[in-house]
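The structure appears right after this line, and notes come after that.
Lettering of chains follows the sequences in order, A, B, ..., and the numbering in each one begins at 1. Heavy-atom basis, side chains included; hydrogens, waters and symmetry copies ignored. Owing to the predicted nature of the structure, the values given are computational and were not obtained by experimental measurement.
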Protein chains: 2
Amino acid sequence: MELAEAKQKFIEAWGKLGSEWGINRTMAQVHALLLVSPEALTTEQIMDALSISRGNANMTLRDLIGWGLVEKQHRAGERKEYFFADKDTWNIAKQVAKERRKRELDPVVKILDELSNVKGDPKDPEYLTFHKSVTDINKLAKNVDKTLDTMIKAEESWFWGSIVKMFR
Amino acid sequence: MELAEAKQKFIEAWGKLGSEWGINRTMAQVHALLLVSPEALTTEQIMDALSISRGNANMTLRDLIGWGLVEKQHRAGERKEYFFADKDTWNIAKQVAKERRKRELDPVVKILDELSNVKGDPKDPEYLTFHKSVTDINKLAKNVDKTLDTMIKAEESWFWGSIVKMFR
DNA sequence: TCAAACTTTCAAAATATACTGAAAGTTTAA
DNA sequence: TTAAACTTTCAGTATATTTTGAAAGTTTGA
């Protein structure tokens with residue numbers, strides 16, 4: 001397989017996985033493109049490589065910066081902005097975990113906490129089932145939350161070392 | 001807060017979380033509705049509770065059964081089918097992990113394996129960056145894969161016990 | 001065998017999401 | 001201060017996803 005073809009496949013696969021997990025396909029593709037680029041790229045280059053419009057490229061890059069996955073680079077004597085992706089897989093994973101926890105998991109945990117406190121007739125099966133499901137899911141969500149928090153604060157070596165040993 | 005209102009909030013929250021993570025909102029809502037129902041429900045009851053069409057209810061229930069989260073119940077002397085959700089949070093988490101691994105993660109790992117083997121000029125920075133990113137992500141994906149596999153095979157007590165102790 | 005009771009299918013419609021491109025905005029250097 | 005070089009915005013458009021609902025299919029009991 002040619003390198004160019006392989007890059008294309010990588011970009012497609014990453015875009016597909018992203019979209020299946022609720023991340024905009026184009027955003028995942030731009031990220032993939034930057035991941036396989038040794039040099040920082042300009043908006044123009046990204047537009048060309050992925051056949052997307054200037055507006056789309058601009059918004060997507062802004063989002064990626066917001067996720068902490070990409071950064072702008074300025075070069076002396078140049079007006080253009082260059083974009084560069086952090087290539088460290090562990091940083092990427094941590095960053096994604098951190099953002100999704102904050103944006104999506106934490107708000108739900110907040111609601112589940114409220115709903116866990118709803119009082120009702122302890123003889124009413126409707127209430128009992130509601131209460132049990134909500135508190136059980138709350139416990140699970142809090143566990144996931146705590147796990148992600150630990151992961152975010154952890155050192156890379158911890159992940160590649162101890163978790164692998166543990167899970168077997 | 002009234003029980004009815006609380007149920008509604010739970011259904012909404014679960015639907016929102018689902019859609020943010022690439023799961024059809026209606027599917028997550030039907031699941032939530034069944035989770036808080038002590039008794040199995042008919043298609044009609046689900047249609048009414050969530051204001052969805054018969055077709056949608058039917059397809060969504062079929063999907064939920066496909067995910068292993070819901071099962072059909074038949075009652076003696078009745079033509080109607082009843083639907084019931086497994087209420088065990090641990091089973092739900094395992095089931096979702098299992099399906100998403102199979103449907104979405106494994107296919108990507110397969111592609112990454114192929115791309116890891118693409119050969120190129122070891123002096124070409126384009127190749128080197130591509131190769132490093134792909135192999136690094138492949139390692140991470142395999143780790144996640146292995147972790148999920150262990151989780152799927154693990155006992156509930158293991159999860160609630162040792163993982164909680166570990167992450168702190 | 002019939003028809004009532006129920007389930008499934010899927011083309012068309014509705015809705016939600018993503019993208020475009022041109023205009024407006026900003027920065028820089030002469 | 002001007003204008004070229006570049007970035008940002010967002011209303012309108014396009015695309016993708018989800019939902020509807022009526023027709024077709026199936027099952028059951030008389």
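Proximity note for B:Arg79 (side chain, C-beta onward) versus C:dT27, C:dA4, C:dT7: the nearest is C:dA4. In the set D:dT18, C:dC6, C:dC19, the nucleotide with an atom closest to the side chain of B:Lys80 is C:dC6.
With rounding to the nearest 0.5 angstrom, the CD1 atom of A:Ile137 is 10.0 Å from the OG atom of A:Ser116.
Atom CZ in B:Arg54 sits roughly 16 Å away from atom C1' in C:dC10 (whole-Å rounding). Summarising the geometry, the separation between CD1 on A:Ile52 and P on D:dT8 is reported as 14 Å, rounded to the nearest angstrom. Note: CD1 (A:Ile65) to P (D:dT7) measures 11 Å, nearest angstrom. Between the CE atom of A:Met59 and the C1' atom of C:dA18 there is a distance of 9 Å, given to the nearest Å. A:Met27 has its CE atom 15 Å from the C1' atom of C:dT17, to the nearest Å. At whole-Å resolution of the value, CD in B:Gln73 and C1' in C:dT7 are 18 Å apart. Rounded to an integer number of Å, the gap from A:Met47 CE to D:dT7 P is 10 Å. When rounded to the nearest whole Å, the span between CG of B:Asn24 and C1' of D:dT20 equals 14 Å.
Within the structure, every side-chain polar atom (N or O) of B:Thr43 is placed at least 4.0 Å from both OP1 and OP2 of C:dC6. One finds no side-chain N or O of A:Asn58 lying less than 4.0 angstrom from the OP1 or OP2 phosphate oxygen of D:dT7.
Nearest-nucleotide positions on DNA chain C for A:Thr26 and A:Gly77 put A:Thr26 closer to the 5' end. Heavy-atom distances to DNA chain C give each of B:Glu44 and A:Gly55 a nearest nucleotide, and the one nearer the 5′ end belongs to B:Glu44. Residues A:Glu78 and A:Asn56 both approach DNA chain D. Their nearest nucleotides, taken by heavy-atom distance, put A:Glu78 toward the 5′ side.
The environment of NZ in A:Lys87 is crowded: more than 12 heavy-atom neighbours from other residues, nucleotides or ligands sit within 6.0 Å.
By the 4.0 Å N-to-carboxylate-O rule, B:Glu126 lies close enough to A:Lys7 to be salt-bridged with it. Salt-bridge formation is detected for the pair B:Lys16/B:Glu20: a Lys NZ or Arg NE/NH1/NH2 atom is positioned less than 4.0 Å from an Asp or Glu carboxylate oxygen.
In this structure, A:His31 and A:Trp14 have tilted ring planes: the angle between them lies in the 30° to 60° band.
At the heavy-atom level, A:Ser51 lies under 4.0 Å from the strands shown only through sugar-phosphate atoms.
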